[in-house]
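Numbers here are sequence positions counted from 1. First listed ligand is number 1; within each ligand, the first listed atom is number 1.
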Amino acid sequence: MGIQRNRSSFFPILVGVVTCCIAMTVTLLMTYAEYRWQRSMSVSHASEHAGQYKAILGKALAENLIVIDAVEGLLRLAPNPSYNDFQQLVKPLLDQRPTIKQVEVAPNAVIKLVYPHSEDNAIIGLDLRSLPGQRKVVEETIRSQRFRLAGPVNLIEGGYGAIARKPIFISPDGQHDGEQFWGFITLILDVNRLLSEIVSEESDTMTRYAIRGTDGLGAQGGVFFGSPDVFKQPVVTHTIPVPGGYWQLAASVDLSRISRRWEMLMFSLVGMVGSVVVGVLAGILVLQWQHLHTKATRDSLTRVYNRQRIQEMGAQEVQRAQRYNHPLSLIMIDLDSFKLINDRYGHLTGDQVLQESTDFIEHAVRGCDLVGRFGGEEFVVVLPECDVCEVAVVAERIRFELCRTLSIDYQQVNLSASLGTATLQRSECFEDMLNNADIALYEAKRTGKNRAIAFSPHLIST
Ligand SMILES: Nc1nc2c(ncn2[C@@H]2O[C@H](COP(=O)(O)OP(=O)(O)OP(=O)(O)O)[C@@H](O)[C@H]2O)c(=O)[nH]1
């Protein structure tokens, strides 16, 4: 009985802890699902934007490079155009293309026409082959006859730009494509401005973009926008064709930032606190339920089963015993002259006697026997698997346990009890057993108390 009580007092704690663990597991799973969702959102956001940036950059480059075709058309018509003619053609084109810093025409690789022009323009008359940094590229461009986009590099005229340099080759009549190198048409592109679309739209701090491919070398070229780290674990890469090669644009998502986002931290924190609260509430609920259940089934003074519960359980035991043809017995116990105890020592002492008597009864029976207070100073014990001989032994043991002098508040209280026993017969119900035990108990009282008497039919007639 004692072990059962301990177990039931641990039960609310167990339910609370298990509920808390389940809630925490659910929280962790939901946090992980949220992390996965955020990650896939970030990746698709990065992929979508990278695709847009590729399109924007590709379009901007194509629009800018058209200017070279326009200048080339002019040169084919007039191989030695005046600055005015050159300016009239180029000015409106550059007004619409702010990313072009400069247009240069360099017959035989010597810069002659520059727009926008300034009087002290130091580069007029400059032979491109004399520039240590560009000499190799210039010569390679003439040799390969390839239109190339060099850089981005720091420009001698200041700033950071990419140089789109187209070598022009003419036929002997000077009008058409041919074998003879004529010179260069060069566009200087303001790369920072060109990339401003990306820079300005880079508001999402988790997504980072980078571009590499200095001199059109693609994956082999240097990184000229963003961090090289982006190329370590990119979620998407795009190729942007440029004259003579390609640029490579990549996007990466800083996944560690997702788990550090305040929404995620709040979600986890609220989930954890919520789990503890749910666990505590579940424990309290079970405790309340246990309390109500105990109130409904236990006697408040002695904590053994109350009359209603012992009758329910007794009826179940009768059904079980009859179904499996097993023995079942019942003992009715009545403390002797209890009124006298109350009158002499007071009700409080009487209550204590009832509590101690309960302990003695429980001590005298097996753990599987059911002990209940039937009312007043009357107790009932239901004994499954106990036949007429065994119940006599148990009844005697209880009588012996209850026949003693109790010391309560320095007062000596003499205690004894009378007992009536009944053993289940074939067609009886639990009420019949109670009646029979009561008849036997009455006989025990009548014949001098402090004794146990077994029911037999002849007692009915006496
Ligand atoms: N202290 C206390 N007394 C109770 C309680 N329930 C019933 N009683 C008292 O128990 C006494 C029972 O008295 P009786 O029915 O005359 O029985 P008795 O004095 O034991 O006499 P016999 O049964 O013939 O031995 C009454 O005085 C009731 O008031 C209780 O919960 N606490």
Nearest non-hydrogen protein atom to atom 25 (O) of ligand 1, with distance, is Ser337 N, 2.7 Å
Rounded to the nearest 0.5 Å, how far does OG1 of Thr99 lie from CG of Leu187? 9.5 Å
Where does Gln355 meet ligand 1, judged by heavy-atom distances below 4.0 Å: at the side chain, the backbone, both, or neither? neither
Answer yes or no for Gln352: is there a heavy-atom contact with ligand 1 below 4.0 Å? no
For Glu401, is there an ion pair with Arg397 - N to carboxylate O distance below 4.0 angstrom? no
Which residue supplies the protein heavy atom nearest to atom 15 (O) of ligand 1, what is that atom called, and how far is it? Glu377 OE2, 3.9 Å
Taking Asp299 first and then Arg307, would you say they form a salt bridge - that is, a charged N and a carboxylate O separated by under 4.0 Å? no
Could you tell me the residue and atom name of the protein heavy atom closest to atom 19 (O) of ligand 1, and the distance to it rounded to 0.1 Å? Lys339 N, 2.7 Å
Judging by distance only, is a nitrogen or oxygen of Leu340 under 3.5 angstrom from one on ligand 1? no
What atoms of ligand 1 come within less than 4.0 Å of a heavy atom belonging to Gly376? 6 (N), 7 (C)
Which residue and non-hydrogen atom of the protein lie closest to atom 5 (C) of ligand 1, and at what distance in Å? Arg373 NH2, 3.7 Å
Does an N or O from Asp336, backbone or side chain, lie closer than 3.5 Å to an N or O of ligand 1? no
Pull out every atom of ligand 1 sitting under 4.0 Å from any heavy atom of Lys449, numbered as shown with elements. 22 (P), 24 (O), 25 (O)
Could you tell me the separation between the OH atom of Tyr246 and the CZ atom of Arg212, rounded to the nearest 0.5 Å? 7.5 Å
Using a 4.0 Å cut-off to any heavy atom of Gly350, which atoms of ligand 1 qualify? 1 (N)
Regarding Arg298 and the six-membered ring of Tyr305, is the cationic atom NZ or CZ under 6.0 Å from the ring centre and inside 45° of its axis? yes
Phe338 N/O under 3.5 Å from ligand 1 N/O: yes
Trace of the side chain to side chain donor-acceptor pair (under 3.5 Å) decision for Asp334 with Ser418: CA-CA 5 Å; Asp334 191 286; Ser418 302; over 6 Å; no
Does only the side chain of Val353 get under 4.0 Å from ligand 1, or the backbone, or both, or neither? Count heavy atoms. neither
Parallel, tilted or perpendicular: which one describes the rings of His49 and Tyr209, with boundaries at 30° and 60°? tilted
Distance to 0.1 Å, residue and atom name: give those for the protein heavy atom nearest to atom 22 (P) of ligand 1. Lys445 NZ, 3.5 Å
What class does the angle between the rings of Tyr35 and Tyr32 fall in, given that below 30° is parallel, 30 to 60° is tilted and above 60° is perpendicular? parallel
Is the CD atom of Gln411 crowded by more than 12 outside heavy atoms at less than 6.0 Å? yes
At a non-hydrogen distance cut-off of under 4.0 Å, which region of Leu348 contacts ligand 1 (side chain, backbone, both, or neither)? neither
For atom 4 (C) of ligand 1, the option (of Asn342, Asp351, Ile341, Leu335) bearing the nearest heavy atom: Asn342
Spacing of CE belonging to Met433 relative to CG belonging to Asn436, to within rounding of 0.5 Å: 8.0 Å
